Amino acid sequence: MTDRTTAGPLQLHRPSPRSTTTNDPPSFLHRLRHRSLNSTQLMGIMTLLISGAILLLLTGVTITVSVVGLIFCTPVIILTSPIWVPIGSLLFVVVAGFLLVCGSGVATFATVAWLYKYFRGLHPVGSDRVDYARSRIVDTASHMKDYAREYGGYLQSKVKDAAPGA
């Protein structure tokens, strides 16, 4: 019982030592110490940082050179614009025409290849829809022919009633 001390009114409050079983979040240094990087991860981070810095530097240099070049070349561009505008228009028309011809050639080649496969019976993509459309057109034409026969006979009899000598 001698180990027991009684707390008097003048006894100062002493903070208890921090235990490791509390749910306090560990400090940054404590987490860093337990999550140290291996050499491969460290080299990867260093490579990322160095290449990012180089690309950022090159971006700045590119923008700076572009702006300075534009500042110095603007008077020349303005003075020679009567030459560049017709040349640019002509170049645009030539390039657009070339692309149109090439695109039409590719489309024609694709159409001819599809038709070749279709008539050879190789069933290219979409041939079932073409067959369905063809059967619908044939059915509609036969219905119209029958309808015209019926109606044509009706009209012929009306014409004979209107003009008996005809």
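Keep in mind the model is a prediction, meaning the values are calculated, not measured.
Under 4.0 Å is where a charged nitrogen must lie from a carboxylate oxygen, and between Asp139 and Arg136 no such pair does.
Contact between Val130 and Trp114 at its shortest, heavy atoms only, is CG2-CH2, 3.6 Å. The nearest pair of heavy atoms linking Ser81 to Pro86 is O-CD, 4.3 Å.
Interatomic distance, OG1 of Thr62 versus CG of Leu57, reported as 9.0 Å (0.5 Å rounding). Distance OG/Ser142 to CE/Met144: 10.5 Å, rounded to 0.5 Å. In this structure, CG on Leu99 lies 10.5 Å from OG on Ser104, to the nearest 0.5 angstrom. Taking OG1 from Thr59 and CD1 from Ile63, the interatomic distance works out to 6.5 Å, rounded to the nearest 0.5 Å. Interatomic distance, Leu42 CG to Thr47 OG1, rounded to the nearest 0.5 Å: 9.0 Å. Between the CE atom of Met46 and the OG atom of Ser39 there is a distance of 13.0 Å, given to the nearest 0.5 Å.
Atom CG of Leu58 sits in a crowded spot, with more than 12 heavy atoms from other residues, nucleotides or ligands closer than 6.0 Å.
Under the 4.5 Å side-chain criterion, counting only non-hydrogen atoms from C-beta, Leu91 is not in contact with Trp84.
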